[in-house]
**Q** 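One structure is given below, represented as structure tokens, and several questions about it will come after.
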Protein chains: 2
Amino acid sequence: MRLLLVEDELEMAAALAAALGRYDMILDHAPTLDHAMAALANHVHDGIILDRQLPDGDGLSLIPRVRALKSGIPVIVLTARGAVDERVRGLDMGADDYLAKPFAVEELLARIRALMRRSPDIAPITARIGNLVFDFDGRQASVNGRILDLPRRELLVLEALARRQGRTVQRSTLEESVYGYDDEIQSNSLDAHVSRLRRKLSETSAGVEIHSIRGVGYLLRPSL
Amino acid sequence: MRLLLVEDELEMAAALAAALGRYDMILDHAPTLDHAMAALANHVHDGIILDRQLPDGDGLSLIPRVRALKSGIPVIVLTARGAVDERVRGLDMGADDYLAKPFAVEELLARIRALMRRSPDIAPITARIGNLVFDFDGRQASVNGRILDLPRRELLVLEALARRQGRTVQRSTLEESVYGYDDEIQSNSLDAHVSRLRRKLSETSAGVEIHSIRGVGYLLRPSL
DNA sequence: CGAGCAGGATTGCAGCAACGTTGCGGCGCC
DNA sequence: GGCGCCGCAACGTTGCTGCAATCCTGCTCG
């Protein structure tokens with residue numbers, strides 16, 4: 001799960017990134033509307049958390065442009081302006097939810113989960129490959145009903161691979177899904193995660209293998 | 001090949017997923033009509049396998065909505081109701097095929113293959129030449145659903161040729177797409193890649209050939 | 001019509017870049 | 001303070017890739 005936060009207050013951004021990180025979500029941060037559009041054009045996000053007061057305009061103005069680009073993506077608007085008519089306006093503009101500051105992080109998380117559940121954009125509920133079942137809603141992988149207890153990074157790797165099961169996932173794409181686009185990574189630690197994942201998948205006879213294609217990326221497929 | 005199965009019985013779903021998996025098909029599973037619409041909105045499927053008895057309604061009601069979304073996509077209806085007038089009704093509703101339970105998996109597979117053969121190209125992001133399908137989005141080539149495990153350079157050659165399928169690609173153009181502008185190349189290694197590609201394409205009976213035009217370049221076309 | 005030639009095809013080989021694996025240390029979290 | 005995740009780096013391994021030598025094929029020109 002990868003979300004884009006459009007918010008100019010750095011403290012808020014950092015706090016949310018930390019909170020979402022505990023639920024294995026990747027949060028990309030865009031401080032302005034321009035940054036947000038650039039990020040959306042170049043990356044695949046599952047949802048947007050949008051602040052209204054931004055240096056270069058009202059966050060709501062982003063919504064039509066977002067809809068033009070990726071019509072079904074869920075948008076949650078955050079704002080200090082919490083009056084009823086403001087909410088109505090935000091929702092009429094196309095937002096899927098509207099949350100007034102100050103808010104409890106728990107509530108935001110719950111609303112995100114709810115949106116993702118009923119959102120048309122986060123599609124197939126589960127992926128099955130071999131004996132492996134990946135539950136995108138519950139964000140967990142299981143083999144023959146037994147839940148795999150995977151650390152965060154490995155889970156993100158597997159999720160990204162399962163989302164595009166049977167198709168190659170480019171290395172750069174994978175890095176983005178696991179680390180986010182601004183998070184630097186200057187080692188082969190992605191390979192390390194893949195390696196550990198492979199061991200666990202084979203130890204549990206998941207019936208899947210992570211096949212690597214040199215110079216391109218990886219792909220998840222049933223083992224022969 | 002990626003199919004969407006709309007079916008509420010989990011056993012059936014698991015069995016079909018296993019059967020199709022053996023033929024290198026990807027099966028996404030949607031247990032309800034709502035899930036199906038969500039999945040269709042966000043993923044590229046090559047066909048739909050639709051059960052009639054679903055928790056939230058008759059599967060047939062999905063067909064008009066599917067047609068509105070992706071008009072040409074093949075739909076196979078599965079049902080326990082096999083009477084003739086039921087079949088007629090299903091087909092009149094727009095289904096491409098109608099199969100009564102219980103059915104043989106082999107028959108279903110054959111009908112899927114038949115439908116795929118005569119259906120127009122669903123996803124504009126793929127090119128089909130002979131039995132070869134090149135997925136420009138996923139950057140991979142497959143023959144009859146089986147993914148070709150090609151190294152980077154060969155994949156680039158094939159991609160460039162598939163982009164201009166049936167037309168000649170100048171040698172210099174090909175070199176550019178394979179090596180980039182600044183990368184120098186002072187040997188016939190491009191020919192070497194073409195040669196290796198040819199071998200793999202014929203070994204997998206891809207039904208395509210790389211024809212060379214002396215002094216000009218190459219072109220990809222179905223073999224005779 | 002045949003020899004010569006130029007461009008293309010094929011293949012072995014060696015270098016090296018990409019990938020795999022593992023251990024370590026730091027850091028955060030119970 | 002113990003435990004486990006994670007980034008990192010070192011080192012082993014694989015197999016892609018550029019190169020060149022050799023063979024093949026079609027074109028040209030006398």
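The structure presented is a predicted model; accordingly, all values stated were derived computationally and were not measured. Here is the naming used below: chain letters follow the sequence lines, and residue numbers restart at 1 for every chain.
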**Q** Measuring from atom CG of A:Asp46 to atom OG of A:Ser177, what distance do you get when rounded to the nearest 0.5 angstrom?
**A** 9.0 Å
**Q** Note the angle between the end axes of the helix from C:dC1-D:dG30 to C:dC30-D:dG1, five pairs defining each, rounded to 10 degrees.
**A**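 End axes: 40° apart.
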**Q** Residues two or more places apart in sequence or in another chain: which of them pass side chain to side chain donor-acceptor pair (under 3.5 Å) with A:Asp58?
**A** A:Arg52
**Q** Whole Å only: how far is the CD atom of A:Glu175 from the P atom of C:dA18?
**A** 13 Å
**Q** Under 4.0 Å: is that the gap between some side-chain N or O of B:Ser212 and OP1 or OP2 of C:dG7?
**A**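 Indeed not, no polar side-chain atom of B:Ser212 lies that close.
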**Q** Extract all donor-acceptor atom pairs below 3.5 Å that involve side chains of residues 188-197 of chain B and protein atoms in other chains or at least two apart in sequence.
**A**
{"unit_1": "B:Ser189", "atom_1": "OG", "unit_2": "B:Tyr179", "atom_2": "OH", "d": "3.0"}
{"unit_1": "B:Asp191", "atom_1": "OD1", "unit_2": "B:Arg171", "atom_2": "NH2", "d": "2.4"}
{"unit_1": "B:Asp191", "atom_1": "OD2", "unit_2": "B:Arg171", "atom_2": "NH2", "d": "3.3"}

**Q** Give the rounded distance in Å between these two atoms: NZ of B:Lys200 and P of C:dT11.
**A**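 In whole Å, C:dT11 P lies 13 Å from B:Lys200 NZ.
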**Q** Any side-chain N or O of A:Tyr179 below 4.0 angstrom from OP1/OP2 of D:dC6?
**A**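 No, A:Tyr179 has no side-chain N/O under 4.0 Å of OP1/OP2 on D:dC6.
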**Q** Do any side-chain nitrogens or oxygens of A:Arg171 fall under 4.0 Å of OP1 or OP2 in C:dC19?
**A**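 Checking C:dC19 against A:Arg171, a side-chain N or O does come within under 4.0 Å of OP1 or OP2.
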**Q** Can you find a pair of side-chain heavy atoms, one from A:Leu3 and one from A:Ile48, that are under 4.5 Å apart?
**A** no
**Q** Identify the two heavy atoms, one from A:Ala162 and one from A:Ile129, that lie closest to each other, and give their separation to 0.1 Å.
**A** CB-CD1, 4.5 Å
**Q** For A:Leu156 and D:dC6, what is the distance between atoms CG and P respectively, to the nearest whole Å?
**A** 9 Å
**Q** In whole Å, what is the span from the CG atom of B:Leu201 to the P atom of C:dT10?
**A** 12 Å
**Q** Atom CZ of B:Arg153 and atom P of C:dA18: how far apart are they, to the nearest Å?
**A** 10 Å
**Q** What does nucleotides 25-30 of chain D look like as a protein-contact string, B for base, S for sugar-phosphate only, - for none, at under 4.0 angstrom between heavy atoms?
**A** BS----
**Q** In this structure, how many angstroms lie between the C1' atom of D:dT17 and the CD1 atom of A:Ile213, rounded?
**A**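 Rounded to the whole Å, the gap is 17 Å.
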**Q** How long is the gap from NE2 on A:His45 to CZ on A:Arg2, to the nearest 0.5 Å?
**A** 4.5 Å
**Q** Roughly how far apart are A:Asn131 CG and A:Thr204 OG1, rounded to 0.5 Å?
**A**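 The distance works out to 8.5 Å.
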**Q** Can B:Arg198 and B:Glu209 be counted as an ion pair, charged N to O under 4.0 angstrom?
**A** no
**Q** Is the phosphate of C:dG20 approached by A:Tyr218 (side-chain N or O, under 4.0 Å from OP1 or OP2)?
**A** yes
**Q** Output all residues satisfying side-chain contact (heavy atoms from CB on, under 4.5 Å) with B:His211, sequence neighbours left out; order by chain, then residue number.
**A** B:Ile213, B:Leu219, B:Arg221
**Q** In sequence, state the C-alpha distance, the side-chain angles, and the governing distance for A:Ser61 and A:Leu33, and then conclude on side-chain contact (heavy atoms from CB on, under 4.5 Å).
**A** CA-CA 9 Å; A:Ser61 68; A:Leu33 293 172; 3.7 Å; yes
**Q** Could you state the atom-to-atom distance from CG of B:Leu158 to P of D:dC16 in whole Å?
**A** 16 Å
**Q** Between A:His29 and A:Leu4, is there a donor-acceptor pair closer than 3.5 Å when you use the side chain of the first and the backbone of the second?
**A**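 Absent.
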**Q** Would you mind reading off the distance between B:Asp149 atom CG and C:dC19 atom P, rounded to a whole angstrom?
**A** 13 Å
**Q** Could you please name the option among D:dC6, C:dG20, D:dT17 that lies closest to any side-chain atom of A:Pro151?
**A** D:dC6
**Q** I need the A:Thr79 OG1 to A:Lys101 NZ distance, nearest 0.5 Å.
**A** 7.0 Å
**Q** Quick check on contacts: within residues 186-199 of chain A, what sits under 4.0 Å from DNA chain D by heavy-atom distance?
**A**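 Residues of residues 186-199 of chain A that come under 4.0 Å of DNA chain D are, in numerical order, A:Gln186, A:Ser187, A:Asn188, A:Ser189, A:Ala192, A:His193, A:Arg196.
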